[in-house]
Amino acid sequence: MTDHACILGGGCSIGQQLARLLLDEGRSVTVTVSAEHRVPVLRNTLGLPQEQDDRLRILPLTLENQASVENGLTQILEGRTPTRVADCMHPHLEGLIAATEPDEAAAYFAAAISARNHILHSLTRAMLAARPAHRGQPGRHARHPEKHTPANGSSNPAVTGRLVYLSSTAAGMPNAGQGFYAAAKSAAEALYRSIGVELAPRGITTAMLRAGYVDAGRGAQYLAAHPEALHNIPLRRALTAQEVAATLHWLLSDAATGINATTITMDGGLTACK
């Protein structure tokens, strides 16, 4: 496989595992991280052989900083436009609704929702612009892409872009103090859902994965402080970063494009219980 994949917020454990999977299948991969100092750390962690080093780009992109978002987008779109995008980004704000200053909440939503919308706007427009014209009748098929039938006889349009968002079960079932996080996750899901509805006829599809407790990052910290949370999960354990990354990897594949504008829950049965 030679097309270009992009992992937004790929410095987390899940993002790192996903990067390995994409690199192992031969893709060129761009990974964004939240700070400049994390670039060499991640490159060393992924440990790509020197002769293949040109297949991996690691760029700083901070949602809270507009200049960083603009610069990151410019670098992502240099050269080939990514056709596979996994979004693992999320700024951090935990606090009770009544106790958090409105300006702090506004800044958080500007990063988590408005900045993400800007990124999605730029990426999807670039995907559409990079979509090859169909041989012989580019104008007609550009206006009516649903009428194109590929040479293999399938009625499915070619994949122009596939975007997968890593959400959380907190979007529908937040713990105390996660109200802002839940609202932002739900809003991001709505953006991705709408893209899937609006652009699927042009070959751009989306999926959202709501992960439950993950034994990595802030999830591991929470479980260390609240081990009793695992008793609410029929599986009686947290998810691993490897299993979530493997699921994201499959959702990015051609085989999963029929799962469009849809949210899938992966939580060991947590939300199936009262």
Side-chain angles (χ1 to χ4, degrees), residues 1-10 12-31 46 52 55-56 76 80-89 120 123-124 126-128 130-132 134 141 145-169 188-212 214 235 239-269 271:
M1 298 191 181
T2 58
D3 57 343
H4 179 196
C6 178
I7 305 172
L8 302 169
C12 63
S13 297
I14 294 170
Q16 292 176 28
Q17 294 290 335
L18 178 58
R20 290 184 188 278
L21 292 170
L22 291 166
L23 289 166
D24 285 349
E25 65 183 8
R27 295 185 190 272
S28 296
V29 180
T30 296
V31 182
L46 292 175
Q52 298 182 31
R55 290 199 295 115
L56 174 65
I76 289 170
R80 287 183 300 166
T81 298
T83 56
R84 318 280 164 163
V85 176
D87 181 355
C88 304
M89 298 184 298
L120 292 173
L123 289 176
T124 53
M127 288 173 179
L128 290 170
R131 185 171 186 255
H134 303 306
H141 287 312
E146 69 280 2
K147 294 184 179 180
H148 172 59
T149 300
N152 62 10
S154 169
S155 60
N156 297 327
V159 174
T160 302
R162 178 70 171 164
L163 301 98
V164 177
Y165 175 58
L166 179 59
S167 188
S168 167
T169 53
E189 286 182 7
L191 291 175
Y192 275 83
R193 186 178 304 112
S194 295
I195 290 171
V197 169
E198 296 164 359
L199 296 183
R202 300 185 184 185
I204 297 177
T205 58
T206 63
M208 296 75 75
L209 179 66
R210 283 190 179 183
V214 181
L235 196 59
L239 304 171
T240 66
Q242 290 90 337
E243 355 180 50
V244 178
T247 304
L248 290 172
H249 181 243
W250 181 76
L251 286 171
L252 285 171
S253 72
D254 288 356
T257 53
I259 299 173
N260 178 48
T262 299
T263 300
I264 295 173
T265 299
M266 180 182 184
D267 64 359
T271 54

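Heavy atoms only: backbone and side chains are in, while hydrogens, waters and symmetry mates are out. Keep in mind that what you see is a predicted model, and the values were worked out from it rather than measured. Heads up: numbering here begins at 1 and tracks the sequence.
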Rounding to 0.5 Å, atoms OG1 (Thr247) and CG (Leu252) come to a distance of 11.0 Å
Side-chain touch Leu191/Thr206, heavy atoms, less than 4.5 angstrom: no
Could you check whether any side-chain heavy atom of Val85 comes within less than 4.5 Å of a side-chain heavy atom of Leu120, counting everything from C-beta outward? no
Would you name the heavy atoms of Ala256 and Trp250 that are closest together and state the gap between them? CB-O, 3.3 Å
Minimum heavy-atom separation for Cys6 and Pro82, please, with both atom names. CB-CB, 3.9 Å
Polar side-chain atom of Arg131 near backbone of Arg202 as donor-acceptor pair, under 3.5 Å: yes
Can you tell if the side chain of Val164 reaches within under 4.5 Å of the side chain of Arg162, non-hydrogen atoms only? yes
Could you walk me through whether Leu123 and Ile76 pass side-chain contact (heavy atoms from CB on, under 4.5 Å), step by step? CA-CA 9 Å; Leu123 289 176; Ile76 289 170; 4.1 Å; yes
Mind checking whether Leu209 and Leu248 have side chains closer than 4.5 Å, heavy atoms only? yes
Reported CZ-to-CG distance for the pair Arg27 and Leu56, which is rounded to 0.5 angstrom: 14.5 Å
Test item: side-chain donor near acceptor, Thr263 and Arg210, under 3.5 Å: no
If we only count heavy atoms from C-beta on, is the Leu199 to Thr160 side-chain gap below 4.5 Å? no
Looking only at the side chains, is there a donor atom on one of Thr83 and Asp3 sitting less than 3.5 Å from an acceptor on the other? yes
Distance col, row Thr262:OG1 vs Glu189:CD, nearest 0.5 angstrom, shows 11.0 Å
Could you grab the distance from atom CZ of Arg84 to atom NE2 of His249, nearest 0.5 Å is fine? 9.5 Å
Any chance you could measure Ser167, atom OG, to Ile264, atom CD1, to the nearest 0.5 Å? 12.0 Å
Residues Glu243 and Met266: closest non-hydrogen pair is O-CE, 3.5 Å
Ala241 and Val214: which non-hydrogen atoms are nearest, and at how many Å? N-CG1, 4.1 Å
Let me know which of Thr205, Asp87, Val197 forms a side-chain contact (heavy atoms from CB on, under 4.5 Å) with Tyr192. Asp87
Note: Val31 and Gly10 closest approach over all heavy atoms is CG1-CA, 3.5 Å
Between Asn260 and Ala200, the two heavy atoms sitting closest are ND2-CB, 3.5 Å
Gap between atom OH of Tyr165 and atom CG of Leu8 - 0.5 Å precision: 11.0 Å
